[in-house]
Enquirer: 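Mind looking over this structure? Questions follow.
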Amino acid sequence: MQPPKTHNHIELAFEIDSDLYELYIALLSQEGIEYFLEEETKLLAYLPESEWSTEKEEAIKALLQETFGSEPHFAATFMADRNWNAEWEAHLQPVEISDRFLIVQHQKEYAVKPGQIVIAINPKMSFGTGYHATTRLMMRQMEELDLDDKKIMDIGTGTGVLAIAARKLGNKNPILAFDNNAWAAENAVENVAENDVTDIQVELLDAEEELVANLEEGYDLILANINKNVLDRILPVIRRHAPTAQVLLSGVLVYDEPWLKKLLKRIRYTNVKTIYEDEWLSALIEPAN
Ligand SMILES: C[S@@+](CC[C@H](N)C(=O)[O-])C[C@H]1O[C@@H](n2cnc3c(N)ncnc32)[C@H](O)[C@@H]1O
């Protein structure tokens, strides 16, 4: 893995009713914001300093105004690199994903059911704590699959949770897991070590720039919990350069299911199974003959 870039972030604080948190997260994720902290009286959203600009601010305002009909108010604060581990861990609790999976944090107590797989995730600013429906949907789809001999790529690995889950479900091949956020890639390396799993190669890579060369390795299953805009650009590339691979995706809102169906038809994927939680969906797709 390359050395991480800066960890400076911009924090956006939204003082809104907690009933609106999920909807805000869904909307902001359309603008590529992936990291959130839900406090009692406000929702905090984080993006790398390098991605913050006047245009981004205007785009977020326009999106919220379009949805809610009034001018949105939020504060943007520069956050220098600091010990996020401690801050995030203080907020997190174990999350039961299913009868099969429990996500826990380092040094916190938890109760595990017989046969349940425990994954320890100590997130920094990385997405993939189990607190988000899309992570849970991906894991629930994965537990239904026979992953033993699949060669897996995990795009947008965040904390590394899906790659770790694949290994703990019995997958035996090397896994390539990558993220374009330095913080996430670094955190995924730590979580892979914490869970004592091997042969997960974590890289700092951008799916929109470096996918083709990596797909040449030949993958059977591509995990992609990202967002509509990135999926829109990378699914055609995956279809062309990994013509036999199944793709398990999430990060798509239920309202965008018509868009997804149209895209899958155009690039000739068959939908194997779609599952839903809150306003999110996860779809397992495979190339049509
Ligand atoms: C919704 S999170 C998913 C994290 C984790 N895989 C999970 O399921 O919980 C999406 C991740 O994709 C990463 N990401 C977004 N665009 C990307 C791109 N173009 N290339 C690589 N990673 C990207 C984000 O940094 C973020 O960590």
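Since we're looking at a predicted model, the values are computed, not measured. Each ligand, and each atom within it, is numbered from 1 in the order the structure gives.
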Enquirer: Heavy-atom contacts with Leu205 under 4.0 Å: which atoms of ligand 1 show up? List them by number with element.
Expert: 20 (N), 21 (C)
Enquirer: N/O of Leu162 under 3.5 Å from N/O of ligand 1, yes or no?
Expert: no
Enquirer: Between the side chains of Glu286 and Thr270, is a donor N or O closer than 3.5 angstrom to an acceptor N or O?
Expert: no
Enquirer: With respect to atom 25 (O) of ligand 1, which of Leu47, Asp179, Asn225, Asn227 exhibits the smallest heavy-atom separation?
Expert: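 Among Leu47, Asp179, Asn225, Asn227, the closest heavy atom to atom 25 (O) of ligand 1 comes from Asp179.
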Enquirer: So which pairs with a foot in residues 203-256 pass ring-ring contact (aromatic ring centres under 6.0 Å, His included), sequence neighbours left out?
Expert: none
Enquirer: Can a donor-acceptor pair be found between the side chains of Tyr21 and Glu38 at a distance below 3.5 Å?
Expert: no
Enquirer: Heavy-atom pairs closer than 4.0 Å: do any link ligand 1 to the side chain of Tyr35, the backbone, both, or neither?
Expert: side chain
Enquirer: Assess the side chains of Gln93 and Gln105: does a donor N or O sit below 3.5 Å from an acceptor N or O?
Expert: no
Enquirer: Is there any ring-ring contact (aromatic ring centres under 6.0 Å, His included) pair reaching into residues 256-289, and which pairs are they, with sequence neighbours excluded?
Expert: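 Checked against ring-ring contact (aromatic ring centres under 6.0 Å, His included) - neighbours excluded - the pairs reaching residues 256-289 are His132-Trp280.
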Enquirer: So is Leu223 close enough to ligand 1, meaning a heavy atom under 4.0 angstrom away?
Expert: no
Enquirer: Which ligand 1 atoms are under 4.0 Å away from a heavy-atom of Ile226?
Expert: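 In order of numbering, the contacting atoms are 15 (C), 16 (N).
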Enquirer: Counting from 1, what ligand 1 atoms have a heavy atom of Asn181 closer than 4.0 Å?
Expert: 25 (O)
